[in-house]
J.: 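Sharing a structure, written as structure tokens. Questions coming.
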Amino acid sequence: MPSLTGLPLQIITALLAVAAFAATMWLWPRMGGSGWKAWLGRLGAFFGTQVAVLVALGLVANAYFGFYTTWSDLLGLDGAPGQVVDHQPGGKALKVTGEQKMYSSQGSTTERAGKIEKVDISGEASGLSGDAFVYLPPQYFQPEYAGSRFPMALVLSGYPGSAEKLITLLKYPESALHAIEAKQLPPTVLVMMRPTPSGVGNRDTECMDIPNGPQVETFFTTDVPKAMATGYRVSDRPEARAVLGDSTGGYCALKFALRKPDSYRSAVSLSGYYEAPTDPTTGDLFGGNADLKRENDLLWRLENTPPAPVSLLLATSLDEENYKDTQRMVAAFKAPTQLSTITLDTGGHNFHTWTREIPPAMEWLGRRIAPPVPAAHPA
């Protein structure tokens, strides 16, 4: 079977679309008349041509964006979970296998399943605001945790993305609840958001503090943790905070940890890239400042700045565009930075791939994020 993203399949489908159009034009006069056979013939020719054109265009778009990289990925047959590999400077690695299972909590009370609240976060330092969905685990409401302060994980979608999809498609609360019940993750509060606060419109800011523009990095690294620690029983210790994201959200997650380790000590990137692009959706992010551009290049940071005391998890696949750059990241990091990877055999830049990576990522996070702190102890 030809490769789903290969040029031969694109050429074949494009030729078939052209042939279908030409055949329709040639046969159309012969399908005249008012009988049912003539009507069926015209409808069949019309819709057949439309389907052929749409398939050809869809394959070209899929090859360009990398949504589905194999036929099994498209058909949802790649169901195996990823493996977390903990790397050591010098190339030595330890392998830990993650396991993915479907989980559905029984009952709907907060003490058994937790609660999701939609909130608006206003940032004093940045002047920005944004909507968030906050998942409070069941322990948040249980008597034995009364007064305890919980760890927090900021979860970011890609751009343009939707915070709702983090719940409905990627099922972060469900995965977190399963990991908590399996003792793989301490009870953790999730804060699910888009990487673009509401105050910046539809611009892709790449989570930057843009010169003379929106201070998005400040919003997520200063305002969001402060708001959560004030409005909820969330710890204000950096070792009790993590950030996760896919695509653009993955780039932002790594950047926050590497640039602001006092905000987040752990970061998970699913199909994230390592350098902010410049395109029509971003505009000029750096204001012509080459130093600022370099400082937001994550590979450059690993190679040229003092290593940060943070833990990073990079998820990719052999088919992904970021695979080679991920290997460069692995080769560049130095202690005390800790770096782990999940590398799938197949998988594209899509929700199906990320749902295979989230459960082992939750287990990885459980070994790094600080557990809830009882009320008798300082937060």
Side-chain angles (χ1 to χ4, degrees), residues 100-121 130-142 144-158 161-195 197 220 223-237 240-246 249-250 252-253 256 264 266-268 270 313 351 354-355 357-366 368-373 379:
Q100 180 178 0
K101 295 180 180 179
M102 293 299 296
Y103 183 81
S104 177
S105 60
Q106 299 298 318
S108 59
T109 66
T110 54
E111 290 190 12
R112 288 194 300 244
K115 181 181 181 181
I116 297 175
E117 296 183 342
K118 186 176 182 180
V119 300
D120 179 69
I121 297 177
D131 294 331
F133 290 93
V134 175
Y135 171 68
L136 303 171
Q139 289 77 10
Y140 193 90
F141 305 97
Q142 295 172 0
E144 56 266 40
Y145 286 90
S148 295
R149 287 195 166 268
F150 289 77
M152 178 195 102
L154 172 65
V155 185
L156 297 175
S157 70
S162 165
E164 290 89 344
K165 295 296 189 296
L166 299 172
I167 301 171
T168 59
L169 289 181
L170 292 181
K171 301 184 183 301
Y172 269 100
E174 183 176 320
S175 293
L177 179 58
H178 174 72
I180 292 169
E181 294 292 340
K183 309 298 183 185
Q184 298 171 343
L185 177 73
T188 302
V189 172
L190 304 184
V191 185
M192 295 165 283
M193 306 183 71
R194 299 176 65 236
F220 283 115
D223 292 332
V224 170
K226 181 178 179 180
M228 290 301 300
T230 302
Y232 290 94
R233 299 198 319 273
V234 167
S235 175
D236 61 2
R237 298 178 299 154
R241 291 197 295 259
V243 53
L244 307 85
D246 60 78
C252 295
F256 293 162
Y264 302 98
S266 301
V268 176
L270 311 179
L313 175 59
F351 291 110
W354 301 328
T355 56
E357 297 165 340
I358 290 172
M362 288 290 180
E363 185 176 359
W364 174 91
L365 182 61
R368 286 155 178 85
I369 198 167
V373 177

J.: Which distance, rounded to the nearest 0.5 Å, do you find between the OG of Ser175 and the CD of Glu357?
T.: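 Taking OG in Ser175 and CD in Glu357, the distance rounds to 12.0 Å.
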J.: Measuring from Arg241:CZ to Asp236:CG, what's the distance to the nearest 0.5 Å?
T.: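 Answer rounded to 0.5 Å: 6.5 Å.
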J.: How long is the straight-line distance from CG of Leu154 back to CE of Met193, given to the nearest 0.5 Å?
T.: 7.0 Å
J.: Counting N and O atoms only, with roles assigned by atom type, does the side chain of Arg194 sit under 3.5 Å from a partner on the main chain of Ser157, one being a donor and the other an acceptor?
T.: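 Checking the backbone N and O of Ser157 against the side chain of Arg194, no donor-acceptor pair under 3.5 Å is found.
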J.: Taking the side chain as everything from C-beta on, heavy atoms only, tell me whether Met192 gets closer than 4.5 Å to Pro173.
T.: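 Heavy-atom side-chain distance check passes, below 4.5 Å.
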J.: What are the two closest non-hydrogen atoms of Pro371 and Arg237, and how far apart are they?
T.: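 What the structure gives for the nearest pair is O-NH2, 3.7 Å.
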J.: When Val134 is tested against each of Val189, Ile121, Ile116 for side chain to side chain contact (heavy atoms under 4.5 Å, CB included), which residue passes?
T.: Val189
J.: Tell me if a side-chain donor or acceptor on Arg149 pairs with a main-chain N or O of Ala229 at a distance below 3.5 Å.
T.: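 Yes.
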J.: Ring centroid separation for Phe150 and Tyr145, is it under 6.0 angstrom?
T.: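 Ring-ring flag for Phe150/Tyr145: true, centres closer than 6.0 Å.
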J.: How long is the span from the CG atom in Leu177 to the OH atom in Tyr135, to the nearest 0.5 Å?
T.: 4.0 Å
J.: CE/Met362 to CG/Leu313 distance, rounded to the nearest 0.5 angstrom?
T.: 11.5 Å
J.: Ignoring hydrogens, what is the shortest heavy-atom contact between Ile369 and Met152? Give both atom names and the distance.
T.: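 Shortest heavy-atom separation between Ile369 and Met152 comes out as CD1-O, 3.8 Å.
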J.: Who passes side chain to side chain donor-acceptor pair (under 3.5 Å) against Tyr140, sequence neighbours left out?
T.: none
J.: Could you tell me which non-hydrogen atom of Ile180 sits nearest to which non-hydrogen atom of Pro187, and how far apart they are?
T.: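 Closest approach of Ile180 to Pro187: CD1-CA, 3.8 Å.
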J.: Nearest heavy-atom pair of Ala267 and Trp364: which atoms, and what distance?
T.: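 For Ala267 and Trp364, the tightest heavy-atom pair comes out as O-CH2, 3.8 Å.
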J.: Looking at side-chain heavy atoms only, is the closest gap between Leu365 and Leu244 below 4.5 Å?
T.: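 The answer is yes, as the side chains (C-beta and beyond) meet within the 4.5 Å cut-off.
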J.: In this structure, which one of Val155, Ile358, Leu166, Leu156 forms a side chain to side chain contact (heavy atoms under 4.5 Å, CB included) with Asp246?
T.: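 Among Val155, Ile358, Leu166, Leu156, the one that satisfies the side chain to side chain contact (heavy atoms under 4.5 Å, CB included) with Asp246 is Leu166.
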J.: Could you measure the distance from the OG1 atom of Thr168 to the NZ atom of Lys171? Nearest 0.5 Å is fine.
T.: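 Going from OG1 on Thr168 over to NZ on Lys171, the span is 7.0 Å.
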J.: Only counting residues at least two apart or in another chain, list the ones meeting side chain to side chain donor-acceptor pair (under 3.5 Å) with Glu164.
T.: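 Glu164 satisfies side chain to side chain donor-acceptor pair (under 3.5 Å) with Ser162 only.
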J.: Where do Pro186 and Pro372 come nearest, in terms of heavy atoms and distance?
T.: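 Scanning both residues, the minimum pair turns out to be CB-CD, 4.0 Å.
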J.: By side chain to side chain contact (heavy atoms under 4.5 Å, CB included), which residues pair with Leu169, not counting sequence neighbours?
T.: Lys165, Phe351
J.: Quick one: closest heavy-atom pair of Ala253 and Val243, and the distance?
T.: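 So the two residues come closest at O-CG1, 3.4 Å.
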J.: After noting the C-alpha distance and the side-chain angles of Val119 and Tyr232, does the key distance pass the side chain to side chain contact (heavy atoms under 4.5 Å, CB included) rule?
T.: CA-CA 11 Å; Val119 300; Tyr232 290 94; 3.2 Å; yes
